[in-house]
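What follows is a set of notes on a single structure, which appears directly below.
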Amino acid sequence: MSPPPAPEAIPVGTVTLVGAGPGDPGLLTRAGAEAIARADAVVYDHLIQDRLLDLARPDADRIFAGKRRGKCPVPQPEINALLVRLAQQGKAVVRLKGGDPYVFGRGAEEAEALQAAGIPFRIIPGVTAGVGATSYAGIPVTHRDASSAVAFLTGHNEPGGPDDRIDWPAVSSFPGTIVFYMGFRHLSGICSMLVRQGKPPETPAALVCSGSTSSQHTVSGSLLDLPDRVRSAGDRVGSPALLVVGEVVDRRGPLSWFERLPLFGQSVLLTRPIGEADRSAADLEALGAEVLVAPTVRILPVDDPAPMDDAIARLDSFDWLVFTSGNGVRHFLDRLPALGLDLRALGRLKLAAIGPATAEALAGYRLRADLVPGSYRSEGLAEALRPLVSGRRVLLARADRGRPVLKDELERVAIVEQIPVYRNADADALPDTVLQRLDRGAIDWITLTSSAITERLHALLPPSARSRIASGSIRLASISPVTSDAARRLGWPIAAEAEEHSWPGLLRALRASSTTAAKKASTSG
Ligand code: SAH
């Protein structure tokens, strides 16, 4: 082995092997999320969700090192060399791997290569599929009454074949749950080998496919009939899949919590700006949905803060300060310290917020909105404000673009000044992975949270995706009638519309339509 290069000769970075968990992006650990956020380069595998890559800085390199559809995987020595090379360039590298890096993940080989090259490394464990995917499928790998041991095995090689290194008699007499990774291809060979070596043929067995994702599907049976059942399940089964053998499989029914979630099996494309998207994605994931994020607009500081600074310097000459979004609240109030001011600059100003999310943003600064109208749109805000602001001076703090209706309406009774406090910049393109999914029609819902977003989405979509939306095969969920009208003008039908024009209202509408759709599907099938 060659000695490691002298430390002063090259800037040495670090490599962190991070376990991504089995699928649900929420199963990444906090340490993993922090490492990704700090990384200069992320080298990732097949099946790593985009949502995890989105945690990396926009300027971080994202390098795919997995298996493409139908193609060979990148050879392991090449991956090892890549990690070493990136670290030798002084980079903080994250090697993001499915499940846990050390459970059938070749993480140990990578760590050994790093050690040999003198690169400092760290391991951040992940939730391995044998524990994560099984839990989501309703199978507890141990149970006080059913199994007090669990074994993880690879099913990669053909049982009895030339590369088989499994001690089948020992495995067949193992007193507990047996979980086979990579066992899909040799499923029937594994089941019959276990029986031949003495496991009772009626031993419960299940195949858990794509556990903890929206395409999770489980087929259960016994060692004897599972292969046939899997064959007749058709397209719904496929890799990645785990074979679970043991009494615990029978506990599944009442424990299938994930598949009972209201949005289980639904994939939802979020079009909200980065920053707002994170929380919204978590809300949807908590309901069981798979979330893809495609921001159509980006929220940026204004190019020229002079008009905002000028208005802030004259704050005591206004009676009302009106916010129409949480972004407006944050960009305006965060400007105060830059000007050597604090919240006292707001003095006796009355505060208006267009809806609960904006009021919540104010509450984040310990400020209470004096007015939140019952209907969360510009017209409702104008109507509620009009009687209160007659003859008064009103400051509207808002985005650099948007509908003029609020200013126009208020100007009929008040002296209104409108200043841009943040900028809406159009995204130039949707992420490739999102375009591929749209192209395959593999997205169930798109959420629309403003007319600007709706129009921008339309402009960014290829014609095939636009027509899938027009025909209703990809469904739209809209936050308000104004947003719905923008969609209809583009020839797009609305499948769900929020009754309360807020994000929670939109979630309720989605839930309601998915329940109706699921009921229809179960009665027709
Ligand atoms: N290091 C990973 C395993 C890599 S081997 C871990 O700790 O989970 C790849 C195998 O893992 C797949 O063939 C499959 O058997 C299993 N697997 C990974 N993700 C899975 C999922 N979401 N559902 C079911 N099995 C999964």
Side-chain angles (χ1 to χ4, degrees), residues 16-29 32 43-52 65-69 72-74 76 79 94-111 123-141 150-159 163 166 177-191 205-220 226 230 233 236-245 248-249 252 256 258-259 264-265 267 285 288 290:
T16 310
L17 272 67
V18 176
D24 179 346
L27 294 180
L28 180 74
T29 62
V43 180
Y44 64 100
D45 270 351
H46 179 53
L47 295 178
I48 296 294
Q49 312 258 348
D50 277 357
R51 292 256 293 119
L52 299 184
K67 187 160 51 169
R68 302 235 179 247
R69 251 166 207 272
C72 287
V74 180
Q76 191 62 47
I79 299 176
V94 158
R95 169 73 174 121
L96 191 56
K97 302 173 77 71
D100 178 86
Y102 279 177
V103 180
F104 305 124
R106 307 194 72 168
E109 286 159 72
E110 294 175 8
I123 311 291
I124 299 179
V127 177
T128 188
V131 169
T134 44
S135 297
Y136 275 60
I139 302 174
V141 284
V150 51
F152 292 152
L153 277 90
T154 164
H156 184 66
N157 297 320
E158 193 188 349
D163 300 320
I166 291 181
T177 309
I178 312 173
V179 181
F180 287 92
Y181 288 66
M182 300 169 278
F184 183 59
R185 200 148 64 102
H186 298 301
L187 175 71
S188 97
I190 296 171
C191 291
L207 188 76
V208 178
C209 304
S210 301
S212 84
T213 75
S214 66
S215 20
Q216 173 174 308
H217 187 70
T218 306
V219 181
S220 54
L226 185 68
V230 165
R236 292 199 291 177
V237 298
S239 272
L242 289 171
L243 167 62
V244 189
V245 179
V248 289
V249 167
R252 199 168 95 77
S256 299
F258 181 56
E259 292 171 26
F264 167 70
S267 49
E285 280 161 355
E290 177 197 10

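Source: prediction; values computed, not measured. We count ligands from 1, going down the list as the structure has it; atoms in each ligand are counted the same way. These values consider heavy atoms only, across backbone and side chains, with no hydrogens, waters or symmetry-generated copies.
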* Answer yes or no: is there a side-chain heavy-atom contact under 4.5 Å between R95 and I79? => yes

* ligand 1 to G98 polar contact by distance, N or O atoms, under 3.5 Å -> yes

* Asked: Backbone or side chain, does any N or O of P22 fall under 3.5 Å from an N or O of ligand 1?
  -> yes

* **Min side-chain heavy-atom separation F180-T154 under 4.5 Å** => no

* Please confirm whether A133 comes within less than 3.5 Å of ligand 1 when only nitrogen or oxygen atoms on both sides are compared. => no

* Structure fact -> Counting heavy atoms under 4.0 Å, the part of S210 that contacts ligand 1 is backbone

* With sequence neighbours excluded, residues passing side chain to side chain donor-acceptor pair (under 3.5 Å) with Q76 -> N80, E110

* Asked: Would you call P240 and C209 a side-chain contact if the rule is heavy atoms closer than 4.5 Å?
  -> no

* Quick one: look at P240 and ligand 1, take heavy-atom pairs under 4.0 Å, and tell me if it's side chain, backbone, both or neither. => both

* **Numbering as shown, the atoms of ligand 1 that approach T128 to under 4.0 Å (heavy-atom distance)** => 6 (C), 7 (O), 8 (O)

* To do: Would you mind listing which atoms of ligand 1 come within a distance below 4.0 Å of any non-hydrogen atom of V208?
  => 24 (C)

* Asked: Is the closest heavy-atom distance from G23 to ligand 1 below 4.0 Å?
  -> no

* To do: May I ask you to identify the nearest protein heavy atom to atom 25 (N) of ligand 1, giving residue, atom name and distance to one decimal place in Å?
  => L242 CG, 3.4 Å

* Asked: What part of T213, side chain, backbone, both or neither, has a heavy atom within less than 4.0 angstrom of ligand 1?
  -> neither

* **Results of side chain to side chain contact (heavy atoms under 4.5 Å, CB included) for V141 - residues two or more places apart only** => T134, V150, V179

* Under 3.5 Å: N/O of M182 near N/O of ligand 1 -> yes

* Asked: For ligand 1, which atoms have a heavy atom of D100 less than 4.0 angstrom away?
  -> 1 (N), 6 (C), 7 (O)

* Any N/O pair V103/ligand 1 closer than 3.5 Å -> yes

* To do: Can you pull out the closest protein heavy atom to atom 8 (O) of ligand 1? Residue, atom name and distance to 0.1 Å, please.
  => A129 N, 2.8 Å

* Taking all non-hydrogen atoms of both residues into account, name the closest pair between V18 and G32 and its distance. => CG1-CA, 3.7 Å

* **Flag side-chain contact, heavy atom, 4.5 Å: L226 against L243** => yes

* Find out whether E259 and T218 are in side-chain contact, i.e. whether some heavy atom of one side chain is under 4.5 Å from a heavy atom of the other. => yes

* Of the protein's non-hydrogen atoms, which lies at the shortest distance from atom 5 (S) of ligand 1, and what is that distance? -> F104 O, 3.5 Å

* Using heavy atoms and a threshold below 4.0 Å, how should the contact between A241 and ligand 1 be classified: side chain, backbone, both, or neither? -> backbone

* Asked: Quick one: which ligand 1 atoms are inside 4.0 Å of a heavy atom on G211?
  -> 21 (C), 22 (N), 23 (N), 24 (C)

* To do: Just do the side-chain contact (heavy atoms from CB on, under 4.5 Å) check on F184 and V230 with the steps written out, would you?
  => CA-CA 10 Å; F184 183 59; V230 165; 4.1 Å; yes

* Is the backbone N or O of N157 less than 3.5 Å from a side-chain atom of D163, with the two atoms forming a donor-acceptor pair by type? -> no

* Structure fact -> atom 11 (O) of ligand 1 sits nearest the protein heavy atom Y181 CD2, 3.4 Å

* To do: Taking the side chain as every heavy atom from C-beta outward, state whether T29 and P125 have any atom pair closer than 4.5 Å.
  => no

